[in-house]
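The structure appears right after this line, and notes come after that.
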Amino acid sequence: MHLTRDEEAVLDGKEGNAAAKSMRILVALGEIYGAEKLIPVSSVQIAGVSYDNLGDPGLEYLAELAKDGRVKVTTTLNPAGMDLQEWRKLGISDDFAVKQMKVIDAFSKMGVITCCTCTPYLIGNLPRYGEHIAWSESSAVTFINSVVGARTNREGGPSAIAAAMVGKTPAYGLHLDEGRRPDVTFDVQAKVRTLPDFGALGYFIGSNAKGRIPYITGVGEATVDQLKSFSGSVVTYGSQSLFHMKGITPEAANYKPPKETVKVTQKDLEASYKALNDETGPIEFVSLGCPHCSIAEIAEIAGFLKGRKVKDGVELWVATARPTKQLSDMRGYTGIIEKAGGKFACDTCMVVAPLKGRFKNVATTSAKACFYCRGKNKMLVKLGSFEDCLREAVA
Ligand code: F3S
């Protein structure tokens with residue numbers, strides 16, 4: 001890979017140890033994937049923030065980098081293992097909180113904006129069409145590549161930090177025109193209307209795309225929230241972190257539908273719902289906001305909960321970014337949700353929080369959450385709309 005003189009100097013330590021280490025990571029990645037050069041990125045989003053996933057080795061790695069490493073571009077974080085202000089309310093131990101705050105302090109020292117969300121595009125980390133960025137979180141990467149048309153590979157935690165410290169990333173994969181061509185058409189003949197319908201569609205397309213880029217026809221309309229949910233689902237179940245949706249995503253018009261075509265029938269959607277749902281017992285945990293709730297979704301939750309009460313023995317979480325919760329405070333939604341007995345889970349979510357063993361049966365609107373709640377947290381899952389899930393929560 002060709003490096004400029006300035007890049008060579010960073011590699012030789014001109015900007016300190018952390019920058020040199022970061023440059024070594026980027027060069028190694030570039031060589032593995034056959035990149036010819038590094039390209040500037042305008043923003044970074046870093047995953048691998050929860051102490052539950054990092055453990056002490058991850059914390060030590062970050063503390064070492066923070067000694068002299070500083071980010072060069074706008075950089076935000078994926079959800080952490082707890083609400084950074086009100087962890088006790090969510091039943092997180094003080095021991096865990098101490099470690100989690102050390103992780104956050106290390107990122108803060110590096111100059112990272114320590115806003116922890118998987119929807120950075122809803123809180124001000126929003127690139128334009130065609131802009132090169134280096135993001136990590138799979139749903140966010142898929143949304144931003146597909147719905148906005150910005151360009152990022154799905155970075156690992158260390159490669160995202162490296163891109164933030166150097167301000168560049170190797171030019172390969174989804175940064176290049178040839179890496180963004182669709183491979184297989186999905187002709188959607190099923191009716192896809194609700195949020196969980198989009199999750200189930202993502203399950204079907206992801207499972208059948210098998211690592212390729214889908215070109216999707218037949219979806220007449222989709223809201224940002226539905227596309228947010230679809231992005232989380234399609235990549236979790238196996239597609240590349242990019243899809244094109246005819247009439248909806250900006251790059252779809254650049255391509256003809258690939259010849260290989262898979263039809264998506266109503267039966268396929270029903271089978272997907274079946275595959276995503278377990279035989280649950282009584283629901284003890286209702287977790288909304290995967291990916292993190294938008295203000296419109298919080299308004300819907302508050303609208304349902306007004307005048308109702310969460311029943312004893314059920315925990316209801318509304319996971320969102322802290323700035324979105326501030327909008328909710330302004331509109332009075334927070335008061336309604338908390339009065340009903342719901343809890344805001346800012347900066348975190350049910351997948352990255354240390355919840356293993358605490359709940360057995362969970363209701364969620366998210367097909368992505370079904371995958372991780374089952375796999376990581378050993379829960380049984382029920383997928384439904386906001387209303388379906390909230391009906392499980394209230395007396
Ligand atoms: Fe976000 Fe957690 Fe879901 S990081 S996409 S809410 S699993």
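Atoms within each ligand, like the ligands themselves, are counted from 1 in listed order.
Through direct or relayed side-chain contacts under 4.5 Å between Ile, Leu, Val, Met, Phe, Trp and Tyr, L390 connects to L195, I283, V286, L288, I295, I298, I301, F304, L305, V310, V314, L316, V318, L327, M330, Y333, I337, F344, F386, V394.
Between Y215 and F186, the distance from one ring center to the other does not fall under 6.0 angstrom.
By the side-chain hydrogen bond (donor to acceptor under 3.5 Å, both in side chains) test, E260 is found to be paired with R212, residues two or more places apart in sequence or in another chain being considered. Qualifying ring pair (Phe, Tyr, Trp, His ring centres under 6.0 Å) partners for F243, counting only residues two or more places apart in sequence or in other chains: F230.
Of all protein N/O/S atoms, those lying under 2.8 Å from atom 1 (Fe) of ligand 1 come to 1.
In the model, T117 has a side-chain atom that pairs as donor or acceptor with a side-chain atom of T119 under 3.5 Å.
Relative ring orientation between Y255 and H244 is described as tilted, the plane-to-plane angle lying within the 30° to 60° band.
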